[in-house]
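What follows is a set of notes on a single structure, which appears directly below.
Every number for a ligand or one of its atoms is a count from 1 in the order of the listing.
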Amino acid sequence: MFELDKLIRENIKRLVPYSSARDEFSGEAKVFLDANENSLGSPLPKWYNRYPDPHQQKLKALISVIKGVAPEHIFLGNGSDECIDLLFRCFCEPGKDNTIICPPTYGMYEVSANINDVQVRKAPLLDDFQLDLVHLENLADTNTKIVWLCSPNNPTGNSLNRQDVEAVLNNFNGIVVIDEAYINFSKQKSFLQELSDYPNLVVMQTFSKAWGLAGLRLGIAFASTGIIDTLDKVKPPYNIGQATQEIALQALENTGQVNDMILELTDMRSALADVLAQIPTVEKVYPSDANFILVKIKEARKVYDFLLTKAIVVRDRSKVKLCEDCLRITVGTEKENTDLVDALHEWVLMHV
Ligand SMILES: Cc1ncc(COP(=O)(O)O)c(C=O)c1O
């Protein structure tokens, strides 16, 4: 049985959260002398001299409409990376608890666990990049607080089988995070609509990928109110700046443009995958549900270095277990993809 109360760290349960000036006042006012801001203004035309809404109410309201999830199930972080860190801080006792990851996967789960002194247990993906459910089950014990699943997975690009994810959600009594950073590029259904069925589910999404706002730093965690309230208690009071809130609101008014970009990127992903598969040194192009492609290529490290001489940077994953000899290539613009393919052809002419 999943009991959230047993998962929350004792010090967090006892924590009296910081109460900001803007928390203690609500209602209409004309004169704000409560937060030691610069009352004269700022060098900018906007009201950036004022602290932002610590609860990001307007932004959550709009996200709620677009995603069909009530605002009380939404937490906003300074990138998903902040959500990852806060989940560890809320639920994992340093030096005592452990967490399970399924490598090869996004690196920050492990780094963040290490920062928080949380033991990392690994249930590597199977050869087809799907979950090893037996291994996962064997690794979990009473101190396992969070399992991290990434779907579509970085760096492999595939989505995890839905039944496997459901098996974890049904059988594991801790928190199951499904990182859906790349979900917009996938035909697979998000787990967002499953939130009401699984009190242990956290779905993470981000503005960094399909929304094209990696520079803004805005990530979302969707979960039960108990989990969201705990994250809210621990987060820095003003973790999402005024500019970020305003720009995200503007972006959310342009879902049409984002959908067009998603279509264009997924079309270009197919075209690039086809062209890459024709290149003689390319041994395998893995199917992708994301905006990148994992490619197995002879002498991957040397190819990586060669691409650098052409001022093209891809991600070398050749030393990562199960991704031996692989490069991870983000789908670029038409011109960038052509430059990449031309450079690979040049490499082939020189070396094959
Ligand atoms: C799977 C996955 N999750 C999260 C992130 C980070 O997201 P954010 O930019 O919101 O911190 C990345 C970035 O590459 C990612 O690949």
Residues, nucleotides or ligands: over 12 heavy atoms within 6.0 Å of Phe306 CZ: yes
Asn158 and Asn153 side chains, donor-acceptor separation under 3.5 Å: no
Side chain Thr266, main chain Ile262, donor-acceptor under 3.5 Å: yes
Met108 heavy atom under 4.0 Å from ligand 1: no
Under-4.0 Å heavy-atom contact with ligand 1, by part of Glu82 that carries it: neither
Where ligand 1 meets Tyr182 - atom numbers and elements under 4.0 angstrom, heavy-atom basis: 1 (C), 14 (O), 15 (C), 16 (O)
Protein heavy-atom partner closest to atom 6 (C) of ligand 1 - residue, atom, separation in Å: Tyr106 OH, 3.3 Å
Ring centres under 6.0 angstrom apart (Phe191, Tyr198): no
Under 4.0 Å to a heavy atom of Ala181 - the qualifying atoms of ligand 1, by number: 1 (C), 2 (C), 3 (N)
Under 3.5 Å donor-acceptor, Glu324 side chain and Lys319 backbone: no
Min heavy-atom dist Cys150 to ligand 1 below 4.0 Å: yes
Check: Asn49 side chain, Asn38 main-chain N or O, donor-acceptor pair, under 3.5 Å: yes
Ligand 1-proximal atoms of Arg217, by part, heavy-atom distance under 4.0 Å: side chain
Parallel, tilted or perpendicular: ring planes of Phe207 versus Trp211, cut at 30 and 60 degrees: tilted
Per-residue contact class, Ser80 against ligand 1 - non-hydrogen pairs under 4.0 Å: both
Nearest protein heavy atom with distance in Å, relative to atom 14 (O) of ligand 1: Lys209 NZ, 2.8 Å
Distance from atom 2 (C) of ligand 1 to nearest protein heavy atom, with residue and atom: Asp179 OD2, 3.4 Å
Structural part of Asn154 in contact with ligand 1, heavy atom criterion under 4.0 angstrom: side chain
Parallel, tilted or perpendicular: ring planes of Phe129 versus Tyr286, cut at 30 and 60 degrees: tilted
Those atoms of ligand 1 less than 4.0 Å from some heavy atom in Ser208: 8 (P), 9 (O), 10 (O)
